[in-house]
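These notes concern the structure reproduced below.
Residue numbers start at 1 and run along the sequence shown.
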Amino acid sequence: YPVTNEQYYDFVMKTGYRPADTTRYLRHWSSGIYRHGQDRYPVVYISYEDAAAYAKWAGKRLPTECEWQLAAQGTDMRKWPWGNEFHATNCNNAFDRPTPVDAFAKGQSPYKVMDMVGNVWQMTNDMYFNGTNYFIVIRGGSYYKPESGWCYIQGGPQPLDRTQIMLLVSQGFDRSETVGFRCVKDIDKRKFRPGK
């Protein structure tokens, strides 16, 4: 699942984490806590640095774009986590707001990874520099569908072959109500035995 408000709150309470630049940080929370009933919603209004700090604390990391792709798609090149046909009831589609990360059980991937498309865009750990700007890759789409404007990222659930970049300007500017993250953990190869 993507990291939730409840999980991120636990991180903040246990570590006292506070970014140097607090502009728009957890803007959707009030008095230092998420809204009642939104504990299982994906945490948003966090920067790449905020997400990386949480992942490090949890003993995990952000997935690479390739890891995100494999977790969502499996090995059969499917267009959506559940198959090749879009089914509006398998993800956050047209709700115009985020939903709990466990709201769409039928939308799981072949590896039983949940909430891969349609709720909030998900950051990956792939960061690039084009000589002028840094940017990261985000995947999955979000609930927000802008109706006009050339500068908006296309919203709604995005097929698994859709890649989107997010320009990194500053932590405060990078924080958005439509971008969250999930974590992965490397397996201990000393304990891994194929077939078990």
- Message: Against Y128, only a single residue in I136, N133, V137 fulfils side chain to side chain contact (heavy atoms under 4.5 Å, CB included); can you say which?
- Response: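 Considering I136, N133, V137, a side chain to side chain contact (heavy atoms under 4.5 Å, CB included) with Y128 is found only for V137.
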Without swapping roles, check the side chain of [X] against the backbone of [Y] for a donor-acceptor pair under 3.5 Å.
X    : Y    : answer
N92  : Y143 : no
Q73  : R78  : yes
Q122 : D115 : yes
S109 : V113 : yes
T178 : S142 : no
R139 : R162 : yes
T22  : Y25  : no

- Item | In one Ile/Leu/Val/Met/Phe/Trp/Tyr side-chain cluster, 4.5 Å: M116, V101 |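 No, separate clusters.
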- Begin with the C-alpha distance, continue with both residues' side-chain angles, and end with the deciding distance and a verdict on side-chain contact (heavy atoms from CB on, under 4.5 Å) for V117 and W82. CA-CA 11 Å; V117 299; W82 52 84; 3.9 Å; yes
Is it true that the side chains of [X] and [Y] contain a donor and an acceptor less than 3.5 Å apart?
X   : Y    : value
R24 : Q171 : no
R40 : Q38  : no
D21 : T23  : yes

- Message: If you apply the rule side-chain contact (heavy atoms from CB on, under 4.5 Å), what do you find for Y8 with N5, and how did you get there?
- Response: CA-CA 5 Å; Y8 199 85; N5 283 319; 5.9 Å; no
- Message: Suppose we screen for ring-ring contact (aromatic ring centres under 6.0 Å, His included). Which residues come up paired with F86, at least two apart in sequence or across chains?
- Response: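 Partners of F86 by the ring-ring contact (aromatic ring centres under 6.0 Å, His included) criterion, ordered by chain and then number, come out as W80.
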- Go through the steps to decide whether K106 and T89 satisfy the test side-chain contact (heavy atoms from CB on, under 4.5 Å), and finish with yes or no. CA-CA 8 Å; K106 292 189 287 182; T89 59; 3.8 Å; yes
Using distance only, find each side-chain donor-acceptor pair of residues 41-56 under 3.5 Å and give its atom names and separation, not counting sequence neighbours.
residue, atom, partner, partner atom, Å
Y41, OH, R97, NH1, 3.4
S47, OG, E49, N, 3.4
S47, OG, E49, OE1, 3.2
S47, OG, D50, N, 3.1
S47, OG, D50, OD1, 3.4
S47, OG, D50, OD2, 3.1
Y48, OH, N125, OD1, 2.6
D50, OD1, Y17, OH, 2.6
D50, OD1, R175, NH2, 3.4
D50, OD2, S47, N, 2.8
D50, OD2, R175, NE, 2.8
D50, OD2, R175, NH2, 3.1

- Message: Are the side chains of H28 and Y34 in contact, using a 4.5 Å heavy-atom criterion?
- Response: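 Side-chain contact under 4.5 Å: no.
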- Query: Once the angle between the rings of F11 and W57 is folded into 0 to 90°, is it parallel (under 30°), tilted (30 to 60°) or perpendicular (over 60°)?
  - Reply: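 Correct class here is tilted.
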- Criterion side-chain contact (heavy atoms from CB on, under 4.5 Å) on Q7 and D39, from CA distance to verdict: CA-CA 8 Å; Q7 292 169 313; D39 51 321; over 6 Å; no
